[in-house]
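Data block below; observations after.
Atoms within a ligand are numbered from 1 in the order they appear, just like the ligands themselves. Start at 1 with the first residue, then count along the sequence. All figures in this text were calculated on a predicted structure; none of them were measured in a lab.
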Amino acid sequence: MKLKVLGSAAGGGYPQWNCNCPMCDGFRRGTINAQARTQSSIAISSNSIDWVLFNTSPDILTQIQQCGVLQPARNLRDTGIASVVLMDAQIDHTTGLLMLRENKKPLRLFCTQPVREDLSVGNPLFKVLSHYCDINWQPIMLDEEEFDIEGAADVAFKPLSLTSNAPPYSPHRDKPVPGDTLGMQMRDKKTGKTLFYAPGLGEMEPHVWEAMQSSDVVLVDGTMWTNDEMISRGASQKTALAMGHLPQSGAGGMIEWLDKLPASTRKVLIHINNTNPILNEDSPERQQLTEHGIEVAMDGLEIEI
Ligand code: MLT
Ligand code: MN
Ligand code: ZN
């Protein structure tokens, strides 16, 4: 199974258009060693022709251009994207759906019922899209052990309900229900290797920890370094935890958890917020991650299991 990181930044991207925090400003001025990143999305394939797109970022058209294999050019109108999976109903993971409106076939779209509801009522993207392209909704059931997704025949997918937060337009904002946010364990049926993906992870619940322990690669929430990062920068009143993201540093943080995984587990952070000091490759925070054997995803990163 092949995984391509299409977008490694959190909502807003990096640098964020209206932000002059030290990371965004430093990038523009060229005073820090950092790479630009588009908003959160990955693609999975088992034959390198058909792809399963996880999340549809507002940057999707740029991401498709940058990832040539998503356009196999077999017909006048064509795409390598066989299916779309949504991990939640947040703006950074769903807005790109509108950019797929020219799709010639009904769009095969996997998501949970709560996500479908948010994208039908609070933020009715499904209704708008249906004027251009039919949606072939494939419900993701939380009690599902493993299921198949068209586009990655040799991969078995297992959804996990995560505690994070629902978007502001959801009736579940600040009181999330199972299905608002998913993690996904992916098992290559041929190699037997597994990967766990969770761009929004607010709490390390036992079933999540179990999945992480049994995975060869974990590609997990790297949104913020500290819980009060946005507040201390004067960027927002929200803590990382209130937004549904476990910070990396400190007691009970992501680094502590990742340290408990076997040394052989590949540990990669994704969905990096533009305020996060780990974006600066020369920062002490980034150095700390390196010392703990933790990588930071960037756009274009390929992982094969
Ligand atoms: C999140 O991951 O918490 C959201 O995508 C934040 C946002 O709306 O940008
Ligand atoms: Mn997000
Ligand atoms: Zn910023």
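- Using modelled atom types, one finds no donor on one side chain facing an acceptor on the other under 3.5 Å when comparing Ser249 with Glu285.
- Close contacts of ligand 1 with Met243, meaning ligand atoms under 4.0 Å from a residue heavy atom, involve 3 (O), 6 (C).
- For His93, every N, O or S atom stays at 2.8 Å or more from the Mn ion (ligand 2).
- Taking the side chain as every heavy atom from C-beta outward, Met23 and Asn274 never approach each other to under 4.5 Å.
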* Report the C-alpha separation of Gln39 and Thr95 in whole Å, then their side-chain angles, then the decisive distance to 0.1 Å, and conclude whether the side chain to side chain donor-acceptor pair (under 3.5 Å) test is met. => CA-CA 11 Å; Gln39 294 167 82; Thr95 320; over 6 Å; no
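- His245 NE2, 3.3 Å is the protein heavy atom nearest to atom 1 (C) of ligand 1.
- The atom of His271 that is an N, O or S and sits closest to the Mn ion (ligand 2) is NE2.
- Lys105 NZ: 12 or fewer foreign heavy atoms inside a 6.0 Å radius.
- Between the side chains of His271 and Asp92, at least one donor N or O lies within less than 3.5 Å of an accepting N or O.
- For atom 7 (C) of ligand 1, the nearest protein heavy atom is 4.0 Å or more away.
- For the pair SG of Cys21 and SG of Cys19, the angle whose vertex sits at the Zn ion (ligand 3) is 100° to 10 degrees.
- Nearest to atom 4 (C) of ligand 1 among the protein's heavy atoms is Gln90 OE1, 3.4 Å.
- For Gln35 and Ser8, the side-chain atoms include no donor-acceptor pair closer than 3.5 Å.
- For residue Asn274, an N/O/S atom approaches the Zn ion (ligand 3) to within less than 2.8 Å.
- Near His271, the atoms of ligand 1 lying under 4.0 angstrom from a non-hydrogen atom of the residue are 2 (O).
- Using a cut-off of 4.0 Å between Lys/Arg side-chain N and Asp/Glu carboxylate O, Glu146 and Arg187 are scored as salt-bridged.
- Looking only at its N/O/S atoms, Asp92 has OD2 as the one nearest to the Mn ion (ligand 2).
- Taking a 4.0 Å cut-off on heavy atoms, Asp92 registers as neighbouring ligand 1.
- The protein non-hydrogen atom at the shortest distance from atom 9 (O) of ligand 1 is Gly11 CA, 3.5 Å.
- Side-chain contact between Leu97 and Phe126 is present, with heavy atoms from C-beta onward closer than 4.5 Å.
- Not a single heavy atom of His93 sits closer than 4.0 Å to an atom of ligand 1.
- Between Ser170 and Asp118, the side chains place a donor N or O and an acceptor N or O closer than 3.5 Å (distance only, hydrogens not considered).
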